[in-house]
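Note on naming: letters A, B, ... go to the chains in the order of the sequence lines (proteins, then strands), and numbering restarts at 1 for each one.
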Number of protein chains: 2
Amino acid sequence: MPKAGHNGKLDKSAERGLVISIPRLFLYHRGCEDALRAGDRVLTSHELASRIGRGMSPTQIRKDLSYLGSFGRRGHGYDLVVLVKKLARVLGLDRDWRIAIVGFGNLGHALATFLEFREEKFHIAAIFEEDPSLIGTTWHGVTISDTNDLEIVLPGLSCAIAIIAVPASAAQAVAERLVSSGVGAILNFAPTNLALAPEVAVRTIDLASELSILTHHLA
Amino acid sequence: MPKAGHNGKLDKSAERGLVISIPRLFLYHRGCEDALRAGDRVLTSHELASRIGRGMSPTQIRKDLSYLGSFGRRGHGYDLVVLVKKLARVLGLDRDWRIAIVGFGNLGHALATFLEFREEKFHIAAIFEEDPSLIGTTWHGVTISDTNDLEIVLPGLSCAIAIIAVPASAAQAVAERLVSSGVGAILNFAPTNLALAPEVAVRTIDLASELSILTHHLA
DNA sequence: AAATGTGAAGAGGTTCACAGCG
DNA sequence: CGCTGTGAACCTCTTCACATTT
């Protein structure tokens, strides 16, 4: 979180008590879609909680949803269509997104395949690689470009999101070039912390970190 | 405010205030190793914070480290060798780990490659697949087994950690079979919540969830 | 009666301020 | 002096209890 430099006490510009967890809203969204597919038309916070499983409590769900407005029917539950639409809007999942991938080795290729065929809302619209044997070839209709040409190729493709799947040593430079080519959000698989302007959304998935959480439990 | 005015139920006060974040300890560990490689022998909380970058504060670092005991030298800093050793012990990174992978499609293959060649402490020791054209072949010395034979093959290989890279519909069943074959921790890439005994550590990496965090920022 | 919606209490985690010690 | 170590203040998020509405 970006924290203010103030050390005083008046810095509480709080205003909105927007205490909400986006990953949790995403779980709700998926749970609702599953329920819709199962034929439900209405859903209570209890039903959603047990569908999601894990430590989700009905109270938590209601609290979260209350921040989006009150559109449940007391004594009844939530209208599933209304709810899923609301969640999709908040999450930005009410439209499609074009994604650029930089680094088309094993991991980049796997991620592209996963997204293109399992996620309707996300489309691979640009691929960049350094390996000369891949440059110029196409993958499911997308031409693989030279990473060096990123500034030339990318700006025309309106990709707001990029995935970085290059070695850690190259990640920071790639990230900066992506941002100056119009990318506003980055999903980073390189095990390094990207230092970028604060308005750029960055999410780093660090395999070693995830594994160390597991080894900690086992130790 | 006075002490704990308890009007609630059980009082689970006192005890240890073990308020510690494992992902953060992992960042410290990596930061320390980088500093060691750079030739440092001693490190202050300030130096570590600026090395990690982002919103890490020296105070947070000192607070976290204080839970591991006090082994810094006041007015001086932390002995890097001592610190990295301590962190490794807590994180369970002071030994090697054998990992089983279930699902050797694009993603499983990419993860295996990433781990085997980029992470010293983690070794792929078992691979399971359903695709008949892969069963019986080997990957860097590891024979790919039929997922159906998991209960026969896995128990002898002492893999405490498993990675699930199968479709969501198969993940829960695979997870249960892994646990009954001796696995104690699971890194799950299937977009589904695994319901397992609470003593099994589970970490789910959900690509769609990560992307939705980004789309939320952009929306 | 059944479920939502929400102020208030409670936990949990972070930051402050400074004591403690090389 | 500089930097660690830490109780206390503080802030954020979760849970409780119950008023509210269909």
What is the distance from CG of A:Leu68 to P of C:dT6, rounded to the nearest Å? 12 Å
Atom of B:Val183, atom of B:Ala160 and distance for their closest heavy-atom approach: CG1-O, 3.7 Å
Rounded to whole Å, CD1 of A:Ile61 lies from P of D:dC13 at a distance of 18 Å
Nearest-Å distance for atom pair CG/P, residues B:Leu48 and D:dC3: 14 Å
Does OP1 or OP2 of D:dT14 have a side-chain N or O of A:Arg24 closer than 4.0 Å? yes
Without decimals, in angstroms, what is the distance between A:Ile22 CD1 and D:dC13 P? 11 Å
Does any N or O in the side chain of B:Glu129 come within less than 3.5 Å of the main-chain N or O of B:Phe104, such that one atom is a donor and the other an acceptor? yes
Proximal nucleotide (of D:dT4, C:dG5, C:dA8) relative to the B:Thr44 side chain: D:dT4
Using the closest heavy atom to pick a nucleotide of DNA chain D for each, name whichever of B:Tyr78 or A:Arg73 lands nearer the 5' end. B:Tyr78
I want to confirm an ordering. Mapping A:Gly75 and A:Thr59 to their closest nucleotides on DNA chain C, which one lands closer to the 5' end? A:Gly75
Just the rounded figure in Å: distance from C1' of D:dC3 to CG of B:Asp79. 15 Å
Whole angstroms only, please: what is the NZ-C1' distance between A:Lys63 and D:dC16? 10 Å
Taking the side chain as every heavy atom from C-beta outward, state whether A:Leu43 and A:Asp40 have any pair of such atoms under 4.5 Å apart. yes
Please confirm whether the shortest side-chain N or O distance from B:Arg74 to OP1 or OP2 of D:dC1 is below 4.0 Å. no
Would you mind reading off the distance between B:Gln60 atom CD and D:dC10 atom C1', rounded to a whole angstrom? 14 Å
Can A:Asp64 and A:Arg24 be counted as an ion pair, charged N to O under 4.0 angstrom? yes
Knowing that exactly one of A:Ile163, A:Thr204, A:Ile164, A:Asp206 qualifies, which makes a side-chain contact (heavy atoms from CB on, under 4.5 Å) with A:Phe189? A:Ile163
Rounded off to whole Å, could you give me the CG-to-C1' distance for the A:Leu65 and C:dA3 pair? 13 Å
Using a 4.0 Å heavy-atom cut-off across all strands, classify A:Ser70 as base, sugar-phosphate, or nothing. sugar-phosphate
Of B:Gly69 and A:Arg62, the one whose closest DNA chain D nucleotide lies more 5': B:Gly69
